[in-house]
Structures are given as structure tokens and as C-alpha cells.
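All residue numbers in this chain count up from 1 along the given sequence. Computed from a prediction, not measured in an experiment: that's the story for all the values here.
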Amino acid sequence: MSTLVSPIYLDNAATTPVDPRVLEAMIPYFTNKMGNAASRNHPFGWAAEDAVDLARTQIANLIGASSPKEIIFTSGATEADNLGLKGVADMYARRGNHIITTVTEHKAVIDTCKMLQKKGVDVTFLEVNEKGMITPEQVRAAMTPKTILVSIMMVNNELGVRQPIEEIAKVTHEGGALFMTDGTQAVGKIPVDVNAMGIDLMAFTAHKMYGPKGVGALYVRRKRPRVKVTAQMDGGGHERGMRSGTLNVPGIVGFGKAAELCALDMEKDHAHVSKLRDKLEAAFLEMEEVYLNGDPDARTPYISNLSFKYVEGEGLMMGFNQEIAVSSGSACTSASLEPSYVLKALGLDDELAHSSIRFSFSRFTTEEQVDYAIEKVRKSVERMRELSPLWEMYQEGIDTSTIEWAAH
Ligand SMILES: *Cc1c(COP(=O)(O)O)cnc(C)c1O
């Protein structure tokens with residue numbers, strides 16, 4: 001059967017489809033097993049609590065946690081990032097008020113840190129190199145006796161680059177601080193072991209790993225050291241007092257099932273996606289003036305970010321976005337069409353940042369879909385370059401770097 005049902009979805013870093021096996025596991029918890037997991041005095045409540053316990057174990061197993069109790073359910077990674085950063089800043093305020101993070105974090109971390117700055121917390125935003133990488137030495141140099149937390153993402157959501165988390169965690173602990181990571185683009189896709197990696201807190205979410213939207217978790221270490229975060233939501237004292245609110249039982253069941261399947265299928269999925277990513281990149285990098293963004297030697301195969309010089313990403317996308325769903329290097333949500341802050345942090349000029357496209361894959365992406373995407377995008381690039389005076393100049397050997405790029 002052909003998998004070429006248009007539009008083709010290559011935006012899996014934004015969200016993945018729910019695996020049919022996950023959906024099947026969730027359905028009873030909307031219908032006959034609809035109890036509240038906090039209802040301790042009847043079978044409906046017990047069934048819900050049992051299901052949540054199982055999910056907590058499935059998720060703890062996926063990340064190598066020592067106990068299911070270390071999993072605190074939230075509404076997603078954004079909430080988990082907020083809870084980890086604000087919760088640590090508050091809980092450890094007497095010990096210090098300095099947090100270290102990076103300029104290429106997800107907005108859920110950057111904006112939370114900016115909010116903390118307004119409240120008097122001192123935040124260092126480390127710069128990345130031209131490949132998007134942070135070094136442990138940078139972290140060591142930024143640490144002070146006041147540093148309470150270092151928060152550095154495991155895998156970047158625009159580039160797919162993987163930071164040297166183990167080494168950074170080691171340096172962090174030597175400096176006496178806690179290490180947190182946003183693991184959203186890593187968990188379920190590459191092996192993650194919170195003990196082996198030295199992670200004290202980790203945010204992640206179901207909808208980037210074939211689970212439903214609106215449910216995520218914060219891993220909070222309980223031993224060596226015992227980490228505590230101040231609740232950001234007051235109420236019934238659920239989740240060991242760290243996150244009040246009736247648990248999203250069907251969502252949590254789906255999250256747990258998704259975690260179990262990711263553990264089972266991780267190697268197979270990784271091999272499948274690697275093959276597709278390599279094929280797509282080989283086809284595009286064969287073209288003139290196409291560049292790969294991010295460190296090619298330190299990344300997951302799930303994301304490929306390419307700059308197609310002499311075309312503008314948003315315009316390029318208009319040529320095929322009825323057929324292929326991807327993301328561009330322009331933050332098209334903002335009225336000003338600002339180029340991506342992540343690509344800018346790598347030192348890309350506005351022109352190259354605007355000409356970037358992020359392709360992201362899943363276990364459901366097929367080779368047929370990738371072949372189709374290659375064809376469509378290649379044709380669009382060629383068509384747009386034919387209309388571009390800069391491309392014409394480049395072809396004639398004129399140095400176009402001296403020419404001002406039109407304001408957007
Ligand atoms: C998607 C994403 C988030 C936000 O997750 P939600 O569950 O949608 O709130 C946070 N961090 C990273 C790296 C992401 O990719």
C-alpha cells in the first residue's frame with residue numbers, strides 16, 4: 001500500500017502522531033475506567049491509581065530512574081521546565097541565586113529564566129559555538145559559589161545536536177550545583193539513563209514520543225542527592241506535594257505505553273530514521289550551496305536542519321507546504337518574521353537563517369515519503385533560484401556577500 005497520502009508530515013520535532021497502540025491503551029480510561037486516581041475508597045479510583053502506577057514504572061524504566069516516585073506528572077515539558085527551574089530557584093534560594101543555561105534552549109527554559117532574572121535570580125546564558133555546542137569547560141568557567149543549578153538541554157529541538165551531558169553534569173556536581181536537562185527531544189529516541197548521566201532533574205513530554213499532547217513529566221532525583229522543588233501550583237498536594245491537580249489518567253496511561261514502546265523499538269526506530277535522514281541529506285547536500293546546520297558528529301537522526309542559500313525559507317515553503325509539512329528558520333509566529341534565535345546563535349547571517357528548513361522524522365515516516373519530499377523541495381529550490389537575482393550573480397561569480405540582503 002502506498003504511504004503517499006498528501007500532505008506528508010516531516011515536522012515530528014513539533015509533535016509526533018499518537019501510536020495506534022498508545023491510543024488503544026488509553027481508550028478505556030475515557031470510558032468504563034474513568035475514575036479519579038485520588039479516589040481512594042472505590043474500585044474506579046483503585047483502577048485509575050493502578051494504571052497511573054504502571055505508567056510511572058514504564059516511564060521510570062525508560063529513563064533508568066531508581067524509583068517510579070521520581071516521576072512527577074505535569075501538563076507537558078513547558079510546565080516541567082517551569083517547575084524545575086522555578087522550583088529549584090525557590091527551594092535553594094538560601095544556598096545561592098545563580099543559574100547557568102544556554103542561548104539555544106527552548107523558550108520554555110529561556111523565558112522562565114528571564115522571568116527569574118526579574119525576580120533577582122542571576123542567570124548566565126552560555127553562548128554555543130558555530131556547530132551549536134557547549135563545552136564542559138564553559139560551564140566550569142561560569143560557575144560561582146552561588147551557582148545552584150545548571151540547566152542544559154540534551155538534544156536541541158531545531159538542530160538535533162546532542163550536548164555532552166555526562167561531562168557537563170560532572171563539572172556541575174564538582175561545583176556543588178544541581179544538574180537539570182530538558183530531555184524532550186531525546187527521551188524515547190536515544191538511550192537516556194539519569195543515573196549514568198548524572199541528571200538531577202529532567203523535563204520531557206509524551207507528544208514528542210508518540211504519546212498524547214498535554215501530558216509530560218519532571219524527573220526529580222530522590223537519592224544522592226535528594227532533590228526538592230517548591231510547588232508552583234497549590235491545591236490537593238498530588239505528586240508528593242510538588243504538583244497539585246487531578247491526574248490526567250488517560251494521558252498518563254498513553255505516556256506510559258509510549259515509553260514502553262520506545263524502549264522496545266528504540267534501536268529499530270533509530271536505524272530506520274537514520275537511513276531516511278541520510279538519504280534526504282545526501283540528496284540535498286549534493287545540490288549547490290546547501291549547508292547542514294549543527295554539529296554533524298553529535299546529533300540524533302530525528303532532525304535535519306539545512307540552509308538552502310539564495311532562497312528564502314518562508315517563500316520556499318509556500319512552494320510546497322500544501323504537500324509537505326516542515327518548519328522554517330524564521331519564527332513565522334512573530335509579526336516581524338525574525339530569523340530563528342538558535343540559528344543566529346550559531347553565527348548564521350539573517351539570509352542563511354531565513355533560508356533554513358527543519359525536516360524531522362518519526363518511526364512512521366516512510367522512504368516513499370522522503371523520496372517525494374526530496375523531489376518537491378529540490379524543484380521548489382530550483383524554481384526560486386531561477387527568480388533570484390542573487391543566485392544569478394552567484395552563478396556569474398560575483399561575490400554576493402557584499403550585497404545588502406533586502407529587509408523582510
Ligand atoms: C516541544 C518542546 C518543549 C515543550 O513541550 P510541551 O510538552 O509542548 O510543553 C520543551 N522543550 C523542548 C526541547 C521541546 O522540543
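A donor atom on one side chain and an acceptor atom on the other are not found under 3.5 Å apart for Glu105 and Ser151. Looking at Thr15 and Lys213, their side chains do bring a donor and an acceptor atom within 3.5 Å of each other. There is a side-chain donor-acceptor pair under 3.5 Å between Thr124 and His98. A donor atom on one side chain and an acceptor atom on the other are not found under 3.5 Å apart for Asn156 and His106. Side chain to side chain, Thr365 and Gln369 fail the donor-acceptor criterion of an N or O pair below 3.5 Å.
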Ring pair (Phe, Tyr, Trp, His ring centres under 6.0 Å) between Phe364 and Tyr210, worked out: CA-CA 10 Å; Phe364 301 113; Tyr210 316 105; 5.6 Å; yes
Trace of the salt bridge (Lys or Arg N to Asp or Glu O under 4.0 Å) decision for Arg299 with Glu281: CA-CA 14 Å; Arg299 57 192 183 126; Glu281 282 185 0; 2.8 Å; yes
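Aromatic ring centroids of Tyr291 and Phe308 lie 6.0 Å or more apart.
Side-chain N or O atoms of Ser307 include none that pairs as donor or acceptor with a backbone N or O of Lys309 at under 3.5 Å. No donor-acceptor distance shorter than 3.5 angstrom exists from the side chain of Gln163 to the backbone of Val161, with no hydrogens or angles considered.
Seen from the ring of Tyr302, Lys189 counts as a face-on cation partner, given the 6.0 Å and 45° thresholds.
Between Thr205 and Val215 there is no side-chain heavy-atom pair separated by less than 4.5 Å.
To the nearest 0.5 Å, the span separating NZ on Lys279 from CG on Leu276 amounts to 8.5 Å.
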